[in-house]
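Chain identifiers are assigned alphabetically (A, B, ...) following the order of the sequence lines, protein sequences preceding nucleic acid strands; residue numbering begins at 1 within each chain.
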Amino acid sequence: MDKTYQPQAIEARWYTEWEKCGYFRPSGTGKPYTIMIPPPNVTGSLHMGHGFNNAVMDTLTRYHRMLGHNTLWQPGTDHAGIATQMVVERQLAAQNVTRHDLGREKFLDKVWEWKAESGGTITQQIRRLGSSVDWSRERFTMDDGLSEAVKEAFVRLHEEGLIYRGKRLVNWDPKLHTAISDLEVLSEEEKGSMWHLKYSVDGSNDILIVATTRPETLLGDSAVAVHPEDERYKHLIGKQVKLPITGRLVPIIGDEYVDREFGTGVVKITPAHDFNDYEVGKRHNLPLFNIFNKDAAIASSDAGIPEEYQGLDRFVARKKIIADAEANGWLDKIDPHTLKVPRGDRSGVVIEPWLTDQWYVSTQPLAKEAIAAVEDGRIEFVPKQYENMYFSWMRDIQDWCISRQLWWGHRIPAWYDNNGNVFVGRNEAEVRSKHNIAANISLRQDDDVLDTWFSSALWTFSTLGWPENTPELKTFHSTDVLVTGFDIIFFWVARMIMMTMHFVKNEDGTPQVPFKTVYVHGLVRDAQGQKMSKSKGNVLDPIDLIDGIDLESLVAKRTSGMMQPQMAEKIAKATRKEFADGLNAYGTDALRFTFLSLASTGRDIKFDVGRIEGFRNFCNKIWNASRYVLMNCEEQDCAQDGATDYELSVADRWIISRLQEAEKSVADAIAQYRFDMATQAVYEFFWNEYCDWYLELSKQVLNDANATDAQKKGTRRTLIRVLEASLRLMHPMMPFITEEIWQRVKMLAGATGDTIMLARYPQADSNRIDEPACADIAWLQQVILGIRNIRGEMNISPGKHLPVLLRNGDDSDRTRLASNQLFLMKLANIASIDWLNTGDTAPLCATALAGNLEILIPMSDLIDKNAELARLQKEIERLQKDSENISKKLDNESFVAKAPAEVINKERDRLAENSSALSKLCEQMDAIRAM
RNA sequence: GGGUGGUUAGCUCAGCUGGUAGAGCAUCGCCCUUACAAGGCGGGGGUCACAGGUUCGAACCCUGUACCACCCACCA
């Protein structure tokens, strides 16, 4: 083996080997275990969220595969309608071409070209993460099978009356020229103004002052509303006001929607351009004046808008109206005002409520089952608190606008005749025959496509062959766990639950849930807790953490292709400061282990490069420990021939015990999705116990000329077998390094099989926990620690062989010393050990205690008397403080009366131990002082 | 306006059903000892945000406050 761990040298070849050998495919036997990958954007590239996500999913997948389950991790990609279309449009824009110049078909060809060109990026990157997905089953939301599923779902929902078409207000994106769903609108607080405008009451000299944040919409006002009980205005209800500019007369209405306390208590009502006003308008039968075109510029309309306003952008029109108001005296005042501005999550422009024809899914009937499934535990969220978020949204769910005025996506399977009739069917022929439409009547398919999330909602079952009742669907559905970020619970998780339960049924007709568990994780943020984003220039690419990147390349990457080039300098500076040496090549295993170690309770994850460095070092530790084991076991008898001519030492029996406990911890942790605890358990076991203690102990046996063959064999056997088991234990988290080493140790450890991937996962066996051995090693550690502590604090060179005197030990101390003397002498670097009789006076010594056993190190010239006195003083103070606290408790009558006996006894024992230790240390201080 | 999560060592976080506050990184000291300096050994460092309450006993349970983050909601 190479002297240092080189991840790139081993990671490159194993993945191809695994994939080539088909190890990722379900075994076909055992209990099914299924995870569906959240399909990334087909033309996207890997980000930290994917890295985290994949680490978790692959750990679960490999774990269950090694448990012998029939494990499927289904991969695939999403066509990501708006996002992908925007990318291609941007490319065209660079050549001064619009999609309309090309026309629909040619444009779609371009998108498919782009997909072919960039579609492999993300899947190749997922391979770099070591993800053991079954690539032979890879799907794409727009491939034939899934498109069929989409069509089928749409048609069935329509037949059932759960999809309908209607004209109503939608969130219109004036830049992208499409409707979007409520979820795609982000409202942020922004500073704006509140304009107070004077409307004159018709037939009187009264003036009403309306307060508005959107003065331009007054062109489309249908009424002015006041609260029906408002003493200031109620006498005006039923009268009319004359709108400025258009001069239209609109009624003054009373509606409880109006908040008397807010603004002036008078609200202008624009039913065609405001969701609330729309509702008010319906209640009062107000006419709708649509004053905007698809760009949200002022349109000619029946509202009587003067020509000079027509064609003006909404914000230009606003300015003009304010200028007009000021000039003509109907502007009362302008107050600064912060308001929530709705913006499209993709385009960033202000969303306009606009009246159009769209397709909707009627969600309430679907939500009922979906709520029940979470209520009764058929679906469980981890962590649980996300269920509240789910419930609160689902219980107040709005119909889902699923049509998009885009070209890239699943075209809506609806056809229109020239009379405006609409027919839904799987294809034109079906529509014609079903509705008896003659061939000479022309039909035109709906131009719109479906919301991307419509196809995503079918993902768990469409990928398994639905609507066919395939064997895969029967075997692998419901899936076991969905691993996803909290940010798409509404977009995706909730809709998947609704759609799946509606379409996929058990044999008895009860609905199947898409997954039994939803593991929700937070966002991966940068070391400062900032959201990673291109515009902030703080993005880390998982691939760069794996392969490393030099500073200049990183700076170039972060500052290229920016929307705001003026930020480049600042970003470059910050990057140079934070990553002065660029990024090291930490390797996939370290990256995965880091993600897992951060996967605690569903909160956001701050990713600090210091963490990954620590875990790369852990990989190095595994590597070097394995080198040591191999050096000592290769071409040696490791007692794997079935013969029993070997002997296990206390150390052997102890490390085997500890392995069982580590195995149990890992299994418990994974069962609770606490990957942080799983990584901690293996880290601690491997580094702090196997390496720090057991390997050192093993050296003493292997290098001891007096040790028997049986003892050496026992040690080698334990060394190699515990290593081999540890590798299997760690494999789901760190697949590459464990495979690489396992291939070298498997024979020696008596393991068989071609790959660690398919080896059996280690199972804790409580029968193999040897309590006496553990107690012996704990004793040994305590004694060694005592000596090392003296050495360290007294600044005695590690190379100095120390003589040690022991006093006051009982029989078990003597037995333990006898059987562990060699270990003790070597690990503490001791020259000699001698017993003093109780009461014997010792020479000037430094002291450590192990229970009642006094460990004395003659100080002679080694040690500074005052330093030892100070050291003892420190320890005495610690014990005194502790004893005081215990005494206080024990003196408290109600504690003694009410606390459980177990707790009381524990405190009493501790107090006794403390006082015994104290008296020994005090004696020792006196002795030192006396000398 | 409702709701959720958070506040523990310099930093990032654990801390299961209340019973002696932990880890990694950073830091300090001694060591290039034949697996590993990407390392070994030893040390220092915390009024568990604040105020009350329950309890023999609270980081943990209850109430309230402050600050941070996020989600939802129609305030023109």
Could you tell me whether Lys881(A) and Glu884(A) have a side-chain N and a carboxylate O separated by less than 4.0 Å?
no
[X], nearest nucleotide to its side chain (from [options]):
| X | options | answer |
| --- | --- | --- |
| Leu785(A) | U20(B), G42(B), G40(B) | G42(B) |
| Asp692(A) | C36(B), A35(B), G40(B) | G40(B) |
| Asn789(A) | G19(B), G39(B), G42(B) | G42(B) |

For a side chain to side chain contact (heavy atoms under 4.5 Å, CB included) check, start with the C-alpha distance between Leu197(A) and Leu331(A), then their side-chain angles and the critical distance, and finish with the verdict.
CA-CA 5 Å; Leu197(A) 306 177; Leu331(A) 176 67; 3.7 Å; yes
Taking the inter-plane angle between the rings of Trp393(A) and Phe490(A) on a 0 to 90° scale, is it parallel (under 30°), tilted (30 to 60°) or perpendicular (over 60°)?
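Parallel, since the angle between the ring planes stays under 30°.
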Summarise how protein sits on nucleotides 2-8 of chain B as a single string, 5' to 3': B when a protein heavy atom is under 4.0 Å from the base, S for sugar-phosphate-only contact, - for no contact.
--SSSS-
Which nucleotides of nucleotides 68-76 of chain B have their base under 4.0 Å from a protein heavy atom (B), which only their sugar-phosphate (S), and which neither (-), written as one string 5' to 3'?
--SSSBBBB
Atom-to-atom span, [atom1] of [X] to [atom2] of [N] - whole angstrom:
| X | N | atom1 | atom2 | result |
| --- | --- | --- | --- | --- |
| Gln700(A) | U34(B) | CD | C1' | 13 Å |
| Arg611(A) | A38(B) | CZ | C1' | 17 Å |
| Trp623(A) | A37(B) | CH2 | C1' | 19 Å |
| Glu613(A) | A37(B) | CD | P | 15 Å |
| Tyr5(A) | A37(B) | OH | P | 16 Å |
| Gln6(A) | A38(B) | CD | C1' | 11 Å |
| Phe593(A) | G24(B) | CZ | P | 13 Å |
| Phe607(A) | G24(B) | CZ | P | 19 Å |

Does [X] have any side-chain contact (heavy atoms from CB on, under 4.5 Å) partners at least two apart in sequence or in another chain, and if so, which?
| X | result |
| --- | --- |
| Arg283(A) | Asp255(A), Tyr257(A), Glu279(A), Val280(A) |
| Lys874(A) | Glu793(A) |
| Glu189(A) | Lys340(A) |

When all nucleic acid strands are considered with a 4.0 Å heavy-atom cut-off, which category describes Lys621(A): base, sugar-phosphate, or nothing?
base
Protein and nucleotides 54-57 of chain B: nitrogen or oxygen contacts under 3.5 angstrom:
unit_1 : atom_1 : unit_2    : atom_2 : d
C56(B) : OP1    : Lys898(A) : NZ     : 2.3
C56(B) : O4'    : Ser894(A) : O      : 3.3
C56(B) : O2'    : Asn892(A) : ND2    : 3.0

Is there any side chain to side chain donor-acceptor pair (under 3.5 Å) pair reaching into residues 675-687 of chain A, and which pairs are they, with sequence neighbours excluded?
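Matches after skipping sequence neighbours: Arg674(A)-Asp676(A).
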Quick one: closest heavy-atom pair of [X] and [Y], and the distance?
| X | Y | answer |
| --- | --- | --- |
| Met733(A) | Arg592(A) | O-NE, 3.1 Å |
| Val783(A) | Ala850(A) | CG2-CB, 4.0 Å |
| Arg791(A) | Pro798(A) | NH1-O, 3.5 Å |
| Ile291(A) | Thr217(A) | CD1-CA, 4.0 Å |

Give every donor-acceptor pair under 3.5 Å between a side-chain atom in residues 605-615 of chain A and any protein atom, sequence neighbours left out.
unit_1    : atom_1 : unit_2    : atom_2 : d
Asp608(A) : OD1    : Gly610(A) : N      : 2.9
Glu613(A) : OE1    : Tyr586(A) : OH     : 3.4

RNA chain B contacts made by residues 668-690 of chain A, counting heavy atoms under 4.0 Å
Arg674(A), Tyr683(A), Trp687(A)
Is there a side-chain polar atom (N or O) of Asn885(A) under 4.0 Å from OP1 or OP2 of U20(B)?
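Result: no.
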Kindly say if Lys874(A) contacts the phosphate of G44(B), meaning a side-chain N or O under 4.0 Å from OP1 or OP2.
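Checking G44(B) against Lys874(A), a side-chain N or O does come within under 4.0 Å of OP1 or OP2.
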Between Asn624(A) and Asn620(A): side-chain donor-acceptor atoms closer than 3.5 Å
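The criterion, which ignores hydrogens and geometry beyond distance, is satisfied for Asn620(A) and Asn624(A).
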Within the 3.5 Å criterion, strictly below it, is a donor on Ser181(A) or Glu184(A) matched to an acceptor on the partner's side chain?
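The criterion, which ignores hydrogens and geometry beyond distance, is satisfied for Glu184(A) and Ser181(A).
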Residues 685-702 of chain A vs salt bridge (Lys or Arg N to Asp or Glu O under 4.0 Å), sequence neighbours excluded, gives Arg658(A)-Glu689(A), Glu696(A)-Lys699(A)
Assess whether side chain to side chain contact (heavy atoms under 4.5 Å, CB included) is satisfied between Trp623(A) and Cys619(A), documenting all intermediate values.
CA-CA 6 Å; Trp623(A) 187 261; Cys619(A) 292; over 6 Å; no
Donor-acceptor pair (no angle test) under 3.5 Å: Glu696(A) side chain, A35(B) base:
yes
Using a distance-only criterion (donor-acceptor N/O pair, under 3.5 Å, no hydrogens), is the base of A35(B) paired with the side chain of Lys3(A)?
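Check fails, no donor-acceptor contact within cut-off.
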Give the intermediate values and the outcome of side chain to side chain contact (heavy atoms under 4.5 Å, CB included) for residues Trp195(A) and Leu218(A).
CA-CA 12 Å; Trp195(A) 287 277; Leu218(A) 74 80; over 6 Å; no
Let me spell it out: for each of Pro7(A) and Glu907(A), pick the nucleotide of RNA chain B with the closest heavy atom. Which residue's pick is nearer the 5' end?
Glu907(A)
Convert the base pairs of RNA chain B into dot-bracket notation, remembering that pairs crossing earlier ones are written with [ ] and that bases paired across to another strand are shown as |; include only Watson-Crick or G-U pairs under 3.5 Å.
(((((((..((((.....[..)))).(((((.......))))).....(((((..]....))))))))))))....
Please check: side-chain N/O of Glu907(A) versus main-chain N/O of Val903(A), any donor-acceptor pairing under 3.5 Å?
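The answer is no, because no donor-acceptor pair under 3.5 Å joins these two groups.
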Can you list the steps and then say if Arg910(A) with Asp882(A) is a salt bridge (charged side-chain N to carboxylate O under 4.0 Å, His left out)?
CA-CA 9 Å; Arg910(A) 262 181 62 214; Asp882(A) 194 38; 2.8 Å; yes
Could you write out each protein N or O paired with an N or O of nucleotides 27-33 of chain B at a distance under 3.5 Å?
unit_1 : atom_1 : unit_2    : atom_2 : d
G29(B) : O2'    : Asn795(A) : OD1    : 3.1

Please name the residue in the list Leu824(A), Ile830(A), Ile855(A), Asn829(A) that meets the side-chain contact (heavy atoms from CB on, under 4.5 Å) test with Ile784(A).
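It is Leu824(A); the other options fail the test.
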